[in-house]
Visitor: 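The structure's right below; bear with me while I get my questions together.
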Amino acid sequence: MGVKRQSGSARGRRSNGTDSEITRAANDGADRGRRTSGGFGFLSGAVVGAAVVLGCIKAPELWSAAVGGAENAAGARTAPLPARSGDEAGATDATRTGHAARLGTLLEGNARLRRTNPLGARDQLRMLLAASPLVPPQSDARRRVFDQLGETYAQLRNHTEAHAAHAQSHAIVEGWARSEHAKTGGVNRRLVNEMIISQVQLATDLYLMGKFDEALKLSGTAMQLQPPPGANRVLLKLEATIFECKGDFVSALQRMEEALKNVDGYNTDDVKRHLELLKRVTSDPAVPAKIREMMTAEQRRLAHLLLTHGGFESEHQLPRHFHPGLTAQPWHTVATTPDPAVPKAVALLQRVHQELVAEFHVLNDTDKLLGEQECIHDPSTGQWRRYEVTGEWRPLNASTGCSVETPTACAVLRDLRALGLRVVRAGYSAVQPSAWLKPHFGMSNGQLKLHLGLVVPTDANGAQCATMRVHNFTRGWTEGDVLYFDDSFEHEVKNRCSRERVVFQVVFVHFDLDGDASARTVFQTSRLD
């Protein structure tokens, strides 16, 4: 059996494109199976195959393919959507066709703009909603614009506004459904699926806002609308993600193993995620011995599958994007690195230590750091906050691509590149007291990291209390010193201190990649049979 590697993609959109994995899932007609909550009763059947989707998925990215594949297979998209607002319904066919073509061109251009200037794309969509005759009230055109605005806000990591935009879209779809039901006594399947898509978008926004119970309630409502099998699996994966964010790994494992029952083949991300959740569940001492034994055996099977069919070289190094043959070691030494730019970069970082500390305090005092939304930590026990100076959601200088809010860090970034360091991104990372970033793998083994300690507390005895384990060795930070490591190995961070730990992070291209390798190369994924 081959393992297919699946690359990440942008947050979901409504389209008729299909993803081969989800299309197969949608067409195989598999039943959803049992859905229970908590406990270990289901686990006798839980170790029979790979399941669960990668990380904190943005569920709608697979949704359109799941619904589209099922609808195309069943012929369900043959029925037209109901008439819209009076303005739209009263227009001639030629006018509607012309408006639709113009809007399609505008939205395609806006999507291209969003890749390089999401703030500009956001403003463009706002203007379109405010004044354009192309988007009359309750129209399909207006719904499309709200959807795209929601995606743009999500890219900007403003999930509150994303939720507001998607709620407007959902209200339009609900209005159509009420209108059709009043006229015909029912609602056609395509419109039901539009309702489900809207609910998935809203549930995704809610969980990214940390409103897990509300998100689960919405996904449950979508389940009640009887989505096609492939779409049903996407909903199960969304629920698994939410349960993982809540820290309920048993329910997360259960949902994902249900999601891929009877699926023909597994992709790499499914296998990795299944392995990760099995490890999380078995780390709980309350798991019965017999169940632990079964799940440990399944972990070994999945690890073997990844090594023999997934293209990986070690079960301890399983990033999303893997480049075979690169030097692989969890910790690197500045004095012996083959990258001549690294020692110079470290010396530069040490010289500007205090300047970066001062800039961090300005950002912190003005509430500029964003809480990280990855589900590898529980914000209720201690938050992980970051400021990416090259993040596209920041106000970037058009000529440098670096945030206008961080002139010190941007100057450092410019100087690092001038030294020959192929920087991918950089920024501030703050981990609050009691925070634990659970064991996880980085994005790519094509990148390496430098951490400059900015604010590093110690315990009452002066010992290190903020530490990071990379594979099998744990180290702590020191103010003004640099750690050099490969985060594609399993790693975790714990802050047992009474104060926040802050570092300045520099991510750069692995020295074994070709000299012309760029950030894009780092995150490319080869397809494997």
Side-chain angles (χ1 to χ4, degrees), residues 5-9 53-58 244 268-269 271-273 275-277 279-280 303 306-307 310-332 337 339 342 345 372-377 384-391 421-431 435-452 467-475 477 482-494 501 503-513 517-526:
R5 176 160 302 151
Q6 217 175 31
S7 61
S9 62
V53 76
L54 173 70
C56 290
I57 64 164
K58 309 298 185 286
E244 183 189 9
T268 303
D269 291 340
V271 178
K272 287 193 296 181
R273 195 71 187 101
L275 177 61
E276 184 175 314
L277 278 175
K279 288 181 178 179
R280 295 208 194 286
L306 289 169
L307 297 181
F312 294 99
E313 296 166 357
S314 168
E315 64 181 283
H316 305 295
Q317 187 185 31
L318 302 174
R320 186 180 303 183
H321 305 280
F322 186 76
H323 299 262
L326 301 185
T327 299
Q329 58 190 72
W331 294 95
H332 290 260
T337 181
D339 189 337
V342 168
E372 183 54 59
Q373 289 137 352
E374 287 190 55
C375 294
I376 60 173
H377 82 299
W384 173 25
R385 302 180 304 138
R386 295 199 300 169
Y387 190 105
E388 292 283 349
V389 302
T390 50
L421 197 70
R422 294 176 289 169
V423 180
V424 176
R425 55 188 171 87
Y428 298 92
S429 176
V431 177
W436 173 35
L437 311 190
K438 301 179 182 72
H440 62 287
F441 300 97
M443 290 290 293
S444 172
N445 69 323
Q447 66 180 26
L448 297 170
K449 289 188 174 182
L450 298 175
H451 271 195
L452 171 68
T467 58
M468 174 169 59
R469 176 186 64 83
V470 183
H471 184 26
N472 57 359
F473 194 82
T474 300
R475 292 180 178 172
W477 295 267
V482 174
L483 296 180
Y484 179 19
F485 63 99
D486 184 341
D487 80 331
S488 65
F489 284 86
E490 183 183 75
H491 61 288
E492 63 180 320
V493 173
K494 293 182 179 180
R501 181 239 64 183
V503 301
F504 185 74
Q505 172 176 267
V506 179
V507 184
F508 59 101
V509 178
H510 193 291
F511 49 76
D512 282 342
L513 285 178
S518 63
R520 183 179 298 275
T521 306
V522 169
F523 298 111
Q524 284 176 344
T525 301
S526 57

Visitor: So do the side chains of Val503 and Leu483 get within less than 4.5 Å of each other, counting heavy atoms only?
Guide: no
Visitor: Looking at Glu276 and Lys272, does any basic side-chain N land under 4.0 Å from a carboxylate oxygen?
Guide: no
Visitor: How close do Arg422 and Leu513 get, counting heavy atoms only, and between which atoms?
Guide: NH2-O, 3.5 Å
Visitor: Rounded to the nearest 0.5 Å, what separates atom NZ in Lys449 from atom OG in Ser429?
Guide: 8.0 Å
Visitor: State the CG-NE2 distance between Asp339 and His510, to the nearest 0.5 angstrom.
Guide: 9.5 Å
Visitor: For Trp477 versus His451, what's the shortest heavy-atom pair and its separation?
Guide: NE1-ND1, 3.2 Å
Visitor: Which distance, rounded to the nearest 0.5 Å, do you find between the OG1 of Thr467 and the CZ of Arg501?
Guide: 10.0 Å
Visitor: Applying salt bridge (Lys or Arg N to Asp or Glu O under 4.0 Å), can you list everything that pairs with Glu492, at least two apart in sequence or on another chain?
Guide: Arg469
Visitor: Starting at CE of Met443, measure out to CZ of Phe441 and round the result to the nearest 0.5 Å.
Guide: 14.0 Å
Visitor: Can you find a heavy atom in the side chain of Arg425 that is under 4.5 Å from one in the side chain of Gln447?
Guide: yes
Visitor: Could you report the tightest heavy-atom contact between Arg280 and Pro439, atom names first, then the distance?
Guide: NH2-O, 3.2 Å
Visitor: Do side-chain atoms of Trp331 reach the backbone of Phe473 as a donor and acceptor pair under 3.5 angstrom?
Guide: yes
Visitor: Quick check for you: to the nearest 0.5 Å, what is the distance between Gln329 atom CD and Tyr484 atom OH?
Guide: 8.0 Å
Visitor: Considering non-hydrogen atoms only, spot the tightest contact between Leu326 and Asn445 and give its length.
Guide: CD1-O, 3.4 Å
Visitor: Before we go on, tell me: are the rings of His440 and His491 under 6.0 Å apart, centre to centre?
Guide: yes
Visitor: Of all heavy-atom pairs between Ala426 and Thr390, which one has the smallest distance, and what is that distance?
Guide: N-OG1, 3.8 Å
Visitor: Where does the angle between the aromatic ring planes of His332 and Phe511 fall among parallel (under 30°), tilted (30 to 60°) and perpendicular (over 60°)?
Guide: perpendicular
Visitor: Going through the checks in order, is the side-chain contact (heavy atoms from CB on, under 4.5 Å) test met by Trp384 and Val493?
Guide: CA-CA 10 Å; Trp384 173 25; Val493 173; over 6 Å; no
Visitor: Looking at side-chain heavy atoms only, is the closest gap between Tyr428 and Arg385 below 4.5 Å?
Guide: no
Visitor: To the nearest 0.5 Å, how far apart are CZ in Phe322 and CD in Glu313?
Guide: 4.0 Å
Visitor: Heavy atoms only: give me the nearest Pro330-Val470 pair and the separation to one decimal.
Guide: CB-CG1, 3.6 Å
Visitor: Any heavy-atom pair between the side chains of Phe485 and Met468 that's under 4.5 Å?
Guide: yes
Visitor: Can you see whether Asp486 engages Ser488 through a side-chain donor-acceptor pair at a distance of less than 3.5 angstrom?
Guide: yes
